[in-house]
Amino acid sequence: MIDRFASGFAPFVIPFLIGMAFVMGYCIVGAIRLIFQLDHGDRKRFLLSLITPKTAWKNIKDIFLNCLIHVKLWKRNKLLGFMHSSIAFGWFMLILLGHIECILYMPHRVKLFYYPIFFNYFVAENETTLRGAIFFFLMDFFLLLVLTGITLAIIKRVRSRLFGMRRTTKPTLLDRVGLYSLWLIFPLRLLAESFTAHISGGSFLTIPMNMMFKAFLGEQMNMLPTWWAYSICLCVFMCVLPFTRYMHIPAEMLLIPFRNAGLTIKHARKGFAKAQVYSCPGCGVCIDACPMTVKKANIKDTTVYLNRNIRRGNEKRIEEISDKCLLCGKCTAVCQVGVDGPQMRIAQRSVRNYGLAPDYTGMDISTIKDAVAAEPSKDRVLYFSGCMTALTPAISRAMESVFHKAGVDYAFMDKDGGLCCGRPILMAGRFDQARQLIKKNREIIYASGASTLVLSCPICYKIFREQYKLEGIRVVHHTEYMLELVKAGRLTLDGAAGSLVYHDPCELGRGSGVYEPPRELLRQAGELVEATHNREMSICCGGSLGSLTLGFDKREDMTVNALKNLTEGDPATIVTACPLCKSTFAMYADRPVEDIAETVNRHSK
Amino acid sequence: MDFGFSISPSSTINLDKVDFTLYDRLCEIEPDAKKCMACGSCSATCTAGPWTGMSVRKVILGIQRGKESEAAKMLKGCMLCGKCTMVCPRGINTRHLILSLCRIYGEGEK
Amino acid sequence: MKDNIVIVGGGIAGMEAAHQLLLLGYKPILVEKSDHLGGHVADWHKLFPDMSPAKDAVKDLAEKIKEANIFLDTEVSFINRLKNGYNVMFSNGVNVICKAILLATGFDLFEASKKEEYGYGIYDQVMTNSDLEHWFNTGEDKRIKGKDIKKIGFVHCVGSRDIKAGNPQCSKVCCITAIKQAMEVKEFFPDAEVYCFYMDLRLFGKKYEDFYIKAQMESGVHFIRGRVSEVSENINGQVIVKTEDTLSGKPAKITLDLLVLMSGIVCNKQAVDTASLVQVKTDSDGFLKSKDNILNIIETDSKGVFLAGTVTGPKTVPETVAEARAAALAIHNYLVTLK
């Protein structure tokens, strides 16, 4: 291989260099800003994680698997996964191989940034060597791979259903510019390399195309315009990238280390939250997942649009979208980059201005404390039924009956009314008020002398487990606790409950990761039938307290849709583990809806 | 001249003189507030009621009669648990109503 | 000869219409899905405002329609529209070609167990207005028999005026029924304290206000304005009712030995299916749709199909009887014009 130009430079590389400088500058400055926006403790934790071997290796592994191979996408839909991996991985290999080629053949040009990208223009190959042939083959192979991906991408824009996506986002104008330039980059590269193949050498793709062009154009064949086109296209793509959804390419490479360092959202618009916003690829997978989108009017209130509006600074829309969300977490479960929809929304809610701030510090809770007070004992159990269970008393009654059957020493914390656990007000973004409620409830819990706290409501369970920091007290959901009783032989199930379908409540399933204990109980109580969409994919009942603005009439369609999913296997009874799900379903269901405590109580001794 | 006593104002609500600005503003954000029939379901089920004297019915009534500071005092006790919204027979989103009031309270004075 | 008329529903509306049609010379066909005539009224004890026994009213009507063709334990399976009438198929295999159909299918009582917070079916001492009427008639109900009943409560508007229960309409008759039952139950338990928990007292009819005054003066019924939010149980099996005493503006609670839920009137589900066979739809309030709601309540948009009774909405007994008579006359006039 020989070097065709003594200077190793050609003017057409200038657009590329401009684009590259711009995008790299933007990303580096952006990354530094985001890291500085983290609060002091988080920043230290992050920087430490970068040099800890375990997290450093996890970062590399995750970036490779998610950004290049898109493993998560393959799981979702193979065609979609192939499309993304072929483009990402193919492009990555082209760049990598280009650099290797340069190092091997033109080591003195390695320091020229653009040289490996436009390698085929600058070199001439006058004899075929095995080494050269392999490289040419590989370059053509990966180029073909990328072109296949691009073709699929074009098809996806027209027929997205083939890729398992019913609905997708509307691209903005700049998104379109980015998209079309991305589409053009590789055909233009193919064109340019084909025009040059008779000089630089090529393989199965570029050589035949070269011969075809030579046949058509003969002496008029001028390769320079094609390389200019290729370079300009690259420049356009890189210059618009920071203002489009394609920012997710560099942003995800920062988000993964942030997440692996265990950071949480501390500020609504900076740091970790901002990294998530930029990592959103705008794919719209969350649109189909969101339970609200059974009504088309709600499509613009999904997480992808929240991210877009945060980037644009559209305060009105940010407020509408964050207040409406049910906080069910399904968007997070399907998100390919792991944008945390509920946490982002709660963060947005927490930065509102309020004219009134509730204050519970003056409340006198001595009556509750006195009612449950006892000496500390490791067998004592405290049962907190929660606000919603007061409206579904069958649940607390069933739990008390189960406690009696199993001979448990228990105290019913809110039998005569108690305080709210604090999670609804936390979900509304009012953290100080939640802290006050937590403080009051902790006093009562510690006064009871119990060593186990049993919750029959997953909303309460989540906050007791995550925010209360109850040292020395085990916090369990009633499904987990009843399973323990069954396993310890204190309770036996008779298996006569008939066909039951179990609905995974959002707060218990996606929210707390408890999927198996209720199922184990139900398998022993009767015949368990599974819904089509269950576990992480279960459909929110629509009654969630997470939404601040959704009215009663607007939720009916969501509940009916969720019921349709549950009743597909035609079970005799619908079983849930959440009082709010129970009340919501009971309004529209055509068959009995009961809480798992009731099922267990009726079929046990 | 100081007579040594003051005449206490009449406790009659003068419906001619009620200031509806806060109520009108509330109805813009949550128009269902106009549907309230003051049945008392919300207050009866309120978690915070026994501890803080909170009553959604009384808050709405207070705002309709121009007694905003009393309504505000009660709103400070709301725990946002959502039971009132669950039971309201007219389907009013009382939780949104309360949050909106907390937001817009004192807006006019800013 | 005289044309066939099919009356769907053997309650008092259907019976009274059949009676009038017999007097006009027709031989109507009455089809009733249960095994007795009289519908809901047959299960009741005394009817307001005269406090006459319901059983007598039903027996009276049944006597008067002895000559009609009555099919008990029978339902309407299918209805075919013909050029000038209908072909009605019953579940007992009988086929009738008739010129007019009267839908008098009545109402369903709201299922009180749907309002789980009131504890019907969960707590022992909670019953509905219909259960109480049954006890007045038979004396058999384990919630009352042999129990020491010192405090009784009546909850108004259960399943009525409640969008969460799926029925935003007022059921009209529960307030007067509650007061009637409150006074009756006080006669059985003279030492008991009786409470009525209401949102509004809708006492619109003849002598209803007198009932209210009698309940206050003679029976000493306590009226508490406030909607019951939750019911719980204490260790003795008594129910504890939580409400807000809106008139004093404070939350209130009370322990009772017996709680009676005034279940509301909702549309009979089967009636909707039968009505759809003749293209009669439901109105926005869930009951069957009349031609209009002022002058033509007993007529529908379908030719030859008439409505009478609670099938168009909650009604008292005198109103139902009046509508049934009007429907009979309207049917007669319709058949005359057909000729």
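Here the structure is a predicted model, which is why all the values come from computation and not from measurement. Lettering follows sequence order; numbering is per chain, from 1. All values below were derived from every heavy atom in this structure, side-chain atoms included, with hydrogens, water molecules and symmetry-related copies excluded.
Neither the backbone nor the side chain of A/Arg423 comes within contact range of chain B, judged by heavy atoms closer than 4.5 Å. With a 4.5 Å cut-off on non-hydrogen atoms, A/Leu437 touches chain B through its side chain but not through its backbone. Of the atoms belonging to B/Ser100, not a single heavy atom falls under 4.5 Å from chain A. B/Ala48 does not touch chain A: none of its heavy atoms, backbone or side chain, sits under 4.5 Å away. Both the backbone and the side chain of B/Cys81 have a heavy atom closer than 4.5 Å to some heavy atom of chain A. Heavy atoms of A/Asp414 lying under 4.5 Å from chain B are absent altogether. Contacts of A/Thr367 with chain B are made by side-chain atoms alone, with heavy-atom separations under 4.5 Å and no backbone atom involved. Within the 4.5 angstrom heavy-atom criterion, only backbone atoms of A/Leu550 (N, CA, C, O) approach chain B. The contact between A/Ala357 and chain B is made entirely by backbone atoms, counting heavy-atom distances below 4.5 Å.
With hydrogens and angles ignored, the 3.5 Å screen pairs a side-chain donor or acceptor of A/Arg465 with a backbone N or O of A/Ser512. A distance-only check finds no donor-acceptor pair linking the side chain of A/Ser456 to the backbone of A/His478 [under 3.5 Å]. For A/Ser322 (side chain) and A/Ile318 (main-chain N/O), a donor-acceptor pair under 3.5 Å exists by modelled atom type. When atom types are taken as modelled, the side chain of B/Ser41 and the backbone of B/Cys88 share no donor-acceptor pair closer than 3.5 angstrom. Under a 3.5 Å cut-off, the side chain of B/Ser55 and the backbone N or O of B/Lys58 do form a donor-acceptor pair. Checking side-chain atoms of B/Lys83 against main-chain N and O of B/Leu80 turns up no donor-acceptor pair under 3.5 Å.
Put simply, of A/Asp359, A/Asp364, A/Ile365, A/Ile459, the one with the most heavy-atom pairs under 4.5 Å next to chain B is A/Asp359. Top candidate by heavy-atom pairs under 4.5 Å with chain B, chosen from A/Gly417, A/Gly418, A/Ala428, is A/Gly418. Per-residue heavy-atom pair counts under 4.5 Å with chain B were compared for A/Ser583, A/Gly362, A/Cys420, A/Cys387, and the maximum is reached by A/Cys387. By number of non-hydrogen pairs under 4.5 angstrom with chain A, the leading residue of B/Glu30, B/Met79, B/His96 is B/Met79.
Using a 4.5 Å cut-off on side-chain heavy atoms (C-beta onward), A/Cys581 and A/His503 make contact.
The one candidate from A/Lys324, A/Arg555, A/Lys554 that meets the side chain to side chain contact (heavy atoms under 4.5 Å, CB included) condition with A/Met292 is A/Lys324.
For residues 433-444 of chain A, every residue pair satisfying the salt bridge (charged side-chain N to carboxylate O under 4.0 Å, His left out) rule, not counting sequence neighbours, is listed here: A/Lys369-A/Glu443, A/Asp432-A/Arg435.
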